[in-house]
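All ligand and atom numbering here is 1-based and tracks the order in the structure. It should be emphasised that the depicted structure is a prediction, and the values quoted were computed from it without experimental measurement.
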Amino acid sequence: MSTLQMVPVNEPDRQYYFIDKARTYVRQLGEALGRTPRACITTFGCQMNSKDSEKLLGVLEEIGYEESSEEMADLVIFNTCTVRENANTRVYGRLGRLKPVKKKNPHMMIGLCGCMMQEELVVNKLKDSYRFVDLIFGTHNVYKLAELLVMRFESKDMIIDIWEDTDKIVEDLPTERKYPFKSGVNIMFGCNNFCTYCIVPYVRGRERSRRPEAILSEIKRLASEGVVEIMLLGQNVNSYGRGLPEEITFAKLLEQIAAIPGIQRIRFMTSHPKDLSDELIEVMAREEKICNHLHLPVQAGSSRVLKKMNRIYTKEGYLTLVKKLREKIPDISLTTDIIVGFPGETEEDFLETLAVVKEVRYDSAFTFLYSKRSNTPAATMTDQVPEDIAKERFDRLLKEVQEIAHERTQRFTGQVLDVLVEEVNQHDPQYLTGRLSNNLLVHFPGSEDLIGQIVPVKLSECKGFYYLGEKLEQGE
Ligand code: SAH
Ligand code: SF4
Ligand code: F3S
């Protein structure tokens with residue numbers, strides 16, 4: 001009773017209490033092992049998950065784990081994705097391979113979290129057939145990792161904590177950034193759009209925006225730590241601010257972020273065409289720090305299919321938007337997502353998608369075969385497209401998309417553009433790898449100390465989807 005009374009009720013205080021407590025258990029584990037306990041988080045899926053994994057790692061390091069490879073780890077966490085069936089299958093495969101490893105190392109712990117865990121079917125399957133898993137939690141309680149680990153250390157049973165939804169946003173917990181010079185920043189969570197093929201609204205809950213002052217103070221802190229590029233994250237950033245007490249739009253938030261000294265590049269994902277405002281286009285055109293790139297998922301080129309997808313825009317509406325963007329920001333790079341084989345898609349519908357691709361000429365496009373997700377409206381549509389037909393269309397689309405992307409990528413050959421240097425080239429240590437404002441990769445000779453800096457690079461040779469270049473020296 002007396003110890004219970006000591007546990008703080010409010011967050012983040014409660015988690016700091018459990019972080020302290022978990023530290024004792026991890027120290028004891030370390031003493032038993034004769035070394036520092038090691039942890040590995042493997043992330044599947046999108047940047048939302050990557051960001052959550054940074055928060056998880058922040059807590060793990062705070063309680064005394066050191067990061068390691070999966071083979072060496074005493075605690076393995078899979079942060080899962082379920083947007084398409086193949087993401088799901090991969091997790092079961094990886095999990096199956098861990099079972100014998102855990103048998104050999106009885107102190108080892110396995111945790112599963114992320115979008116897949118928000119599906120009842122998945123958790124039931126794990127409970128039945130994967131009893132060796134120690135910890136299962138979802139997308140809404142990532143911040144509770146220390147508390148859940150304490151529960152596991154104290155009980156020895158499988159701990160399962162899944163919430164259906166939340167209206168809470170817990171701020172000010174530790175986080176471990178993957179890169180010192182760039183960082184993702186959540187501006188909103190969840191999604192209210194219910195595109196009929198998509199499982200995200202069911203596994204990430206209702207849309208909620210973070211308070212602007214929380215976002216701005218996080219970015220100011222990041223800037224003071226040396227971060228120069230930020231990526232604002234949300235399933236539909238264009239609806240940022242809905243439901244907040246203050247009057248704020250995504251465009252206004254961008255302006256305030258652009259005013260923060262030290263931040264040199266601003267990116268954001270994802271922009272839903274139905275909510276892209278003129279105000280946003282103007283801010284993008286005006287603010288130099290906002291990158292010359294917009295990811296604008298079209299999903300399909302036929303208005304009939306778009307309607308069945310519940311995307312709320314038509315082909316014509318989308319093309320008008322693209323025209324407007326290109327008028328106001330002439331050199332902008334446009335990228336997109338496209339789904340092939342949505343239920344009821346006919347050859348004519350598909351040809352409209354191809355026509356949109358040819359008209360817009362995307363700098364790159366992610367193409368996906370439609371994947372049936374449980375409990376989504378599209379899963380019960382009766383006119384599912386046979387796999388062989390969908391696959392054949394997918395190949396045609398991919399060919400077109402790649403040809404256009406090759407041509408588009410070449411347009412910068414010979415120009416000198418700013419590159420944010422990200423790492424030593426993975427194949428040749430004499431080379432560095434960085435990104436242009438429009439997100440294209442550039443490799444050029446240079447030394448490691450340039451990592452994290454923005455430098456002018458002459459783009460000498462286009463190699464399909466990336467460039468080889470040379471850094472300009474001062475005065476050149
Ligand atoms: N919120 C973002 C996308 C999140 S999911 C947006 O609205 O654009 C990323 C991409 O996965 C989507 O753009 C879509 O192209 C694809 N996707 C989502 N559900 C899918 C499904 N059931 N089958 C195939 N692709 C899917
Ligand atoms: Fe899924 Fe649509 Fe929400 Fe994007 S906007 S996450 S595609 S429901
Ligand atoms: Fe996957 Fe969840 Fe992202 S389902 S794509 S990790 S929001």
Ligand 3 to Asn49, heavy atom cutoff 4.0 Å, flagged ligand atoms 6 (S)

* Asked: At a 4.0 Å cut-off, with the gap strictly under it, does some heavy atom of Ile339 reach an atom of ligand 1?
  -> yes

for atom 1 (Fe) of ligand 3, nearest protein heavy atom and its distance come out as Cys81 SG, 2.4 Å

Atom 2 (Fe) of ligand 3: closest protein heavy atom, distance to 0.1 Å, is Cys115 SG, 2.2 Å

- prompt: Is the His272 ring parallel, tilted or perpendicular to the Tyr313 ring (thresholds 30°, 60°)?
  reply: perpendicular

Might you work through the side chain to side chain contact (heavy atoms under 4.5 Å, CB included) test for Thr270 and Val237, ending with a clear yes or no?
CA-CA 6 Å; Thr270 301; Val237 291; over 6 Å; no

Does any N or O atom in Tyr197 lie less than 3.5 angstrom from one in ligand 1, N or O only? yes

Any heavy atom of Arg204 under 4.0 Å from ligand 2? The part involved is neither

Atom 4 (C) of ligand 1: of Gln47, Arg84, Gln235, His295, the nearest heavy atom sits on Gln235

Judged by heavy atoms only, the candidate from Gln235, Glu207, Met48 nearest atom 6 (S) of ligand 2 is Gln235

Review point. When the ring centroid of Phe250 is compared with that of Phe268, is the distance short of 6.0 Å?
Key: yes

With Glu70 as partner, the option from Arg38, Arg94, Arg97 fulfilling side chain to side chain donor-acceptor pair (under 3.5 Å) is Arg94

Counting from 1 in the order shown, the ligand 3 atoms closer than 4.0 Å to a non-hydrogen atom of Arg204 are 7 (S)

min-distance protein heavy atom vs atom 7 (S) of ligand 2 -> Tyr197 OH, 3.4 Å

* Asked: Is it true that atom CD of Glu327 has more than 12 heavy atoms of other residues, nucleotides or ligands lying nearer than 6.0 Å?
  -> yes

Are any N, O or S atoms from Cys191 nearer to atom 3 (Fe) of ligand 2 than 2.8 Å? yes

| message | Parallel, tilted or perpendicular, judged at 30° and 60°: which one describes the rings of His293 and His295? | response | perpendicular

Ranked by distance from atom 6 (C) of ligand 1, the top protein heavy atom is Thr270 CG2, 3.8 Å

Smallest heavy-atom separation, Val356 atom then Gly301 atom, equals CG2-CA, 3.8 Å

Margin query: Is the distance from the ring center of His443 to that of Tyr467 below 6.0 Å?
Written below: no

ask   = So with a 6.0 Å cut-off around CG of Asp337, is the heavy-atom count from everything else above 12?
value = yes

Q) N/O of Arg373 under 3.5 Å from N/O of ligand 1, yes or no? A) no

In this structure, atom 2 (Fe) of ligand 2 is nearest to the protein heavy atom Cys195 SG, 2.3 Å

Among non-hydrogen protein atoms, atom 5 (S) of ligand 1 lies closest to Val83 CG2, 4.0 Å

heavy-atom search around atom 8 (O) of ligand 1 in the protein gives Pro297 CG, 3.0 Å

protein heavy-atom neighbour closest to atom 1 (Fe) of ligand 2 works out as Cys198 SG, 2.3 Å

When only distance counts, is Tyr370 in polar contact with ligand 1, meaning an N/O pair under 3.5 Å?
-> no

Of Asn193, Asp275, Asn236, the one whose closest heavy atom lies nearest atom 5 (S) of ligand 2 is Asn193

The single option from Lys55, Arg210, Gln47, Lys51 that satisfies side chain to side chain donor-acceptor pair (under 3.5 Å) with Asn186 is Lys55

*asked:* Pairs of nitrogen or oxygen atoms closer than 3.5 Å, one from His272 and one from ligand 1: do any exist?
replied: no

Of all protein heavy atoms, the one nearest atom 14 (C) of ligand 1 is Gln299 OE1, 3.4 Å

Taking only non-hydrogen atoms of Cys46 and a 4.0 Å limit, the atoms of ligand 3 in range are 3 (Fe), 5 (S), 6 (S), 7 (S)

for atom 24 (C) of ligand 1, nearest protein heavy atom and its distance come out as Leu369 O, 3.4 Å

For Tyr318 and Leu296, the nearest pair of non-hydrogen atoms, with its separation, is OH-O, 2.6 Å

> Is Thr376 near ligand 1, meaning one of its heavy atoms is under 4.0 Å from it?
Replying inline: no

Short version for Pro201: what comes under 4.0 Å of ligand 2, heavy atoms counted, is side chain

Note: ligand 3 atoms sitting under 4.0 Å from heavy atoms of Gln235 are 7 (S)

